[in-house]
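Here is the structure we will look at.
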Amino acid sequence: MTTFNAANTFTGDLTVTSSTAFSSTSSWMFSIGANGVNNSIAGTGDLLLEGAFNLDLSGAGTSLCDSWSLVNTATLNETYAGTFNLTGFNDLGGNVWEQDLGGILYEYAGSTGLLSVTAIPEPSTLGLLMAAGAGILFRRRCKDLV
């Protein structure tokens, strides 16, 4: 069995060909880009995930239904241990994690190995948020003038 024990910042693809484990002290970096553009874990065999996935979402797509395959569940037999997590994401249970970035909701489903955009702000909500932000700026400027 191949075991990863440390934080990994490599953002290329990983292909496993036998039993592989990410220990509870390990992490794997994913660089998420436009829809479908990312590094991933693929191959064949058993994959035990006890550590963390770190997702760089700074260049990620933001359109509803954008998705990225992080783990190829069609050819890997993956197991998510209780210590597994996605850094910065909320654990919803059932191997599902989500993160809200300014109203854009990213969700990772372990059963499919997919990260997806599942919600975006409605235009009316976005407009309301922008109006509130403008109001705060206006208030600060007026206050600064007195």
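Side-chain atoms are counted along with the backbone in the values below, which use heavy atoms only and exclude waters and symmetry mates.
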Item to complete: Please test T118 against S116 for side-chain hydrogen bond (donor to acceptor under 3.5 Å, both in side chains), starting from the C-alpha separation and ending with a verdict.
Response: CA-CA 6 Å; T118 58; S116 304; over 6 Å; no
Practice prompt. Kindly write out the residues that satisfy side-chain hydrogen bond (donor to acceptor under 3.5 Å, both in side chains) with D91, not counting sequence neighbours, or none if the list is empty.
Written response: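 Expected list: none.
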Worksheet item: Just by modelled atom types, is the L105 backbone N or O under 3.5 Å from a matching donor or acceptor in the D100 side chain?
Response: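 It does not hold such a pair.
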Worksheet entry | From T79, V71, N77, T73, residue fulfilling side-chain contact (heavy atoms from CB on, under 4.5 Å) relative to L47 |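 Per the side-chain contact (heavy atoms from CB on, under 4.5 Å) rule, the option paired with L47 is V71, out of T79, V71, N77, T73.
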Discussion item. Applying the side chain to side chain donor-acceptor pair (under 3.5 Å) criterion to N5, which one of S24, S23, S26 satisfies it?
Written reply: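 When side chain to side chain donor-acceptor pair (under 3.5 Å) is applied between N5 and each of S24, S23, S26, only S23 qualifies.
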Using atom types as modelled, flag every donor-acceptor pair under 3.5 Å from a side chain in residues 59-68 to any protein atom, sequence neighbours excluded.
from, atom 1, to, atom 2, distance (Å)
D66, OD2, T62, N, 3.4
D66, OD2, S63, N, 3.2
W68, NE1, G33, O, 3.2
W68, NE1, A34, O, 2.8

Discussion item. Can you give me the closest heavy-atom contact between D56 and M29, atom names plus distance?
Written reply: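 Closest approach of D56 to M29: CB-CE, 3.5 Å.
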Fill in: Transitive ILVMFWY side-chain link L101 to L115, under 4.5 Å
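Yes: a chain of side-chain contacts under 4.5 Å links L101 to L115.
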Discussion item. Please say yes or no: joined through hydrophobic side-chain contacts below 4.5 Å, possibly via intermediate residues, are L57 and L114 part of one cluster?
Written reply: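 No, separate clusters.
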Item to complete: For L55 and L70, run side chain to side chain contact (heavy atoms under 4.5 Å, CB included): C-alpha distance rounded to whole Å, both residues' side-chain angles, the deciding distance at 0.1 Å, then the answer.
Response: CA-CA 10 Å; L55 280 56; L70 303 186; 4.2 Å; yes
Item to complete: Go through the steps to decide whether T11 and N39 satisfy the test side-chain hydrogen bond (donor to acceptor under 3.5 Å, both in side chains), and finish with yes or no.
Response: CA-CA 6 Å; T11 57; N39 58 309; 5.6 Å; no
Discussion item. Once you measure the plane-to-plane angle for Y108 and F53, does it fall in the parallel (<30°), tilted (30-60°) or perpendicular (>60°) bin?
Written reply: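 Rings of Y108 and F53: perpendicular, as their planes differ by over 60°.
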